[in-house]
Amino acid sequence: MPSLFDPITLGAVEAPNRIIMAPLTRGRADRDAVPSDIMVEYYTQRASAGLIISEATGISREGLGWPFAPGLWTDAQVAAWKPVTDSVHTAGGRIVAQLWHMGRQGHSSVYETQPVSSSATATEGQAHTFEGKKDFEVARPLDTNEIPRLLADYELATKNALAAGFDGVQIHAANGYLIDQFLRDNANFRTDEYGGSIENRVRLLREVAERVISVAGADRVSVRLSPNGDSQGVDDSNPEALFTAAAKALSDLGIAFLELREPGPDGTFGKTDVPKLSPAIRKAFNGVLIVNSDYTTVEEAQAELDSGNADAITFGRTFIANPDLPERLRTGAPLAQDDAKTWYSQGPEGYIDYPALETVNA
Ligand SMILES: Cc1cc2nc3c(=O)[nH]c(=O)nc-3n(C[C@H](O)[C@H](O)[C@H](O)COP(=O)(O)O)c2cc1C
């Protein structure tokens with residue numbers, strides 16, 4: 001079985017190790033979703049990851065409801081991403097952009113329009129906004145004749161990601177956001193060809209993947225799913241049937257890799273008693289499979305590779321606090337702890353001030 005420190009081919013990307021940085025929203029862009037200078041430093045510090053998956057990045061204003069998250073739909077956003085990708089490459093790293101449409105999980109004060117979704121539903125609880133937290137609103141169902149425009153937004157964002165120097169893109173189809181709102185039958189009550197049967201509910205994911213692939217090529221496209229159970233109120237009556245069908249559709253398209261966010265019953269950032277579906281998805285998906293959630297030691301991560309269940313691991317919070325995570329895992333150095341209070345606090349604190357080992361030991 002491969003070691004965590006062995007290289008792996010992720011489509012067109014050659015990753016020198018299997019310690020992948022998970023997508024992490026950090027809220028350091030400006031109000032127009034333009035990346036800031038400190039994002040260059042942040043991502044460059046983490047260039048030793050086998051691959052960096054960027055924070056979720058809006059494909060359009062309609063799709064980006066998180067305050068101070070970045071986007072990829074304007075020229076100014078593309079221009080500001082370029083120094084990030086250039087610097088990561090100069091430091092020897094690789095980075096793909098996670099493409100995001102949040103659907104009902106944002107607020108009209110950020111979207112500048114009513115949230116859209118598969119159906120007229122609302123997420124329970126409150127959305128992050130520029131003015132603090134506000135109650136989620138009932139979404140407007142996307143009309144069938146708006147889907148071509150949505151696909152065009154994904155196409156533009158993919159073109160922009162490549163123009164900005166990203167090595168590829170990841171379609172965010174996880175965590176209860178728009179594509180997940182189409183996938184699951186407790187959020188999708190549509191009666192057109194995008195609702196009802198599993199085949200119909202997978203249709204939007206497949207069409208988005210096909211469109212993005214038409215721009216970037218399948219070897220530069222990956223997808224993130226969160227199959228096991230509840231994800232921000234989005235759930236399904238038969239997740240195994242749904243997500244193996246989704247994985248099979250993506251397998252047929254030959255994407256570079258599929259990543260699964262799968263919390264367990266003891267998950268420390270989202271938890272669920274629903275069993276992990278990665279073993280079933282492994283059988284349905286003929287390609288590189290990467291898994292995530294709560295891996296913090298070499299032993300836990302290596303055990304996953306040894307079981308044959310996955311080919312690589314994504315690490316989220318451990319990469320926030322340990323910019324040189326692969327080196328720390330390789331040498332058994334202690335891991336620093338992240339601080340949730342600075343996850344989204346905009347400034348440099350808790351963002352670019354976690355030292356690398358040589359600085360710690362100097
Ligand atoms: C601060 C923070 C921001 C996150 N932002 C994203 C995101 O932009 N896109 C995404 O797919 N998941 C996001 N996640 C989920 C992580 O990618 C990951 O699945 C989660 O942290 C569990 O992995 P871990 O146990 O290694 O931290 C975020 C998690 C945290 C803690």
Side-chain angles (χ1 to χ4, degrees), residues 4 18-29 33 35 39 42-43 46 49-59 63-72 95-103 105-106 128 157 169-181 222-232 234 257-272 276 278 290-298 300-301 304 310 312-322 325-326 328-329 335-346 349-351 354:
L4 209 49
R18 294 161 188 245
I19 299 163
I20 312 297
M21 180 168 158
L24 291 161
T25 292
R26 303 305 310 276
R28 262 73 176 183
M39 289 168 62
Y42 167 77
Y43 281 111
R46 288 156 180 79
L51 172 70
I52 296 170
I53 304 171
S54 83
E55 65 204 280
T57 299
I59 61 162
L64 185 61
W66 192 285
F68 303 109
L72 267 170
I95 181 167
V96 298
Q98 192 189 46
L99 301 184
W100 203 19
H101 191 306
M102 299 173 63
Q105 282 208 68
H128 293 260
V169 297
Q170 180 179 72
I171 298 165
H172 195 345
N175 302 357
Y177 294 111
L178 182 71
I179 295 175
D180 219 5
Q181 292 159 28
S222 65
V223 173
R224 179 177 241 218
L225 295 171
S226 53
N228 68 329
D230 179 79
S231 192
Q232 308 256 22
V234 174
F257 66 89
L258 175 61
E259 189 210 356
L260 306 179
R261 178 185 179 182
E262 293 197 297
D266 302 320
T268 54
F269 186 58
K271 63 175 92 179
T272 171
K276 295 187 179 187
S278 44
I290 304 183
V291 296
N292 166 256
S293 249
D294 288 292
Y295 298 94
T296 50
T297 66
V298 173
E300 290 162 338
E304 198 66 59
I313 306 292
T314 41
F315 296 81
R317 289 160 294 170
T318 34
F319 255 118
I320 290 179
N322 300 277
L325 183 63
R328 289 190 192 226
L329 293 180
L335 295 180
Q337 283 306 308
D338 63 302
D339 178 359
K341 289 199 290 298
T342 53
W343 281 354
Y344 313 119
S345 60
Q346 289 178 58
E349 191 199 347
Y351 190 58
Y354 288 108

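For clarity, every value in this text was computed on a predicted model and none was experimentally measured. All residue numbers refer to positions in the sequence shown, counting from 1. Every number for a ligand or one of its atoms is a count from 1 in the order of the listing.
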Under 4.0 Å, heavy atoms only, figure out whether ligand 1 is touched by the backbone of [X], its side chain, both or neither.
X	value
Arg317	both
Leu24	both
Thr268	neither
Trp100	neither

Between Ala301, Gly316, Pro23, flag the one that comes closest to atom 16 (C) of ligand 1 by a heavy atom.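 Considering heavy atoms of Ala301, Gly316, Pro23, the nearest to atom 16 (C) of ligand 1 sits in Pro23.
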Selection from Asn292, Leu260, Thr318, Thr342 by shortest heavy-atom distance to atom 22 (C) of ligand 1: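 Comparing heavy atoms across Asn292, Leu260, Thr318, Thr342, the nearest one to atom 22 (C) of ligand 1 lies in Asn292.
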How far is atom 10 (C) of ligand 1 from the closest protein heavy atom, and which atom is that?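 For this ligand atom, the closest protein heavy atom is Arg224 NH1, 3.3 Å.
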Considering heavy atoms of the protein only, find what lies nearest to atom 29 (C) of ligand 1 and give residue, atom and distance to 0.1 Å.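 Checking every protein heavy atom, the shortest distance to atom 29 (C) of ligand 1 gives Phe269 CE2, 3.3 Å.
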Heavy-atom contacts with [X] under 4.0 Å: which atoms of ligand 1 show up? List them by number with element.
X	answer
Phe315	26 (O)
Tyr344	1 (C), 2 (C), 3 (C)
Asn175	10 (C), 11 (O), 12 (N)
Asp294	24 (P), 25 (O), 26 (O)
Thr25	1 (C), 3 (C), 4 (C), 5 (N), 6 (C), 7 (C), 8 (O)
Ala22	17 (O)
Gln98	7 (C), 8 (O), 9 (N), 10 (C), 11 (O)

How close do [X] and [Y] get, heavy atom to heavy atom, and via which atoms?
X	Y	result
Ile59	Ala157	CG2-CB, 3.7 Å
Ile53	Gln170	CG2-OE1, 3.4 Å
Met39	Arg28	SD-O, 3.7 Å
Arg317	Asp294	NH2-OD1, 3.3 Å
Gly270	Pro263	O-CB, 3.2 Å
Pro70	Leu64	O-CD2, 3.4 Å

Can you find an N or O of [X] that's nearer than 3.5 Å to an N or O of ligand 1?
X	result
Glu55	no
Trp343	no
Tyr295	no

With a cut-off of 6.0 Å (strictly less than), are more than 12 heavy atoms of other residues, nucleotides or ligands near CD of Glu300?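 Atom CD in Glu300 is crowded, with more than 12 foreign heavy atoms closer than 6.0 Å.
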Decide if atom NZ of Lys271 counts as having more than 12 heavy atoms of other residues, nucleotides or ligands within a radius under 6.0 Å.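 Count not over threshold, so no.
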Assess the side chains of Arg328 and Thr318: does a donor N or O sit below 3.5 Å from an acceptor N or O?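 Short answer, no.
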Please determine if Arg26 forms a cation-pi arrangement with Tyr351, meaning its NZ or CZ atom is less than 6.0 Å from the six-membered ring centre and no more than 45° off the ring axis.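 Because its charged atom misses either the 6.0 Å distance or the 45° angle limit, Arg26 does not stack over Tyr351.
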Are any of the heavy atoms in Ser293 under 4.0 Å away from ligand 1?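 Right, Ser293 reaches ligand 1.
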Among Tyr344, Trp343, Phe68, ring-ring contact (aromatic ring centres under 6.0 Å, His included) partner for His128: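 Filter result, single survivor: Tyr344.
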Which of parallel (below 30°), tilted (30 to 60°) and perpendicular (above 60°) describes His172 and Trp100?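 Parallel: the ring planes of His172 and Trp100 meet at under 30°.
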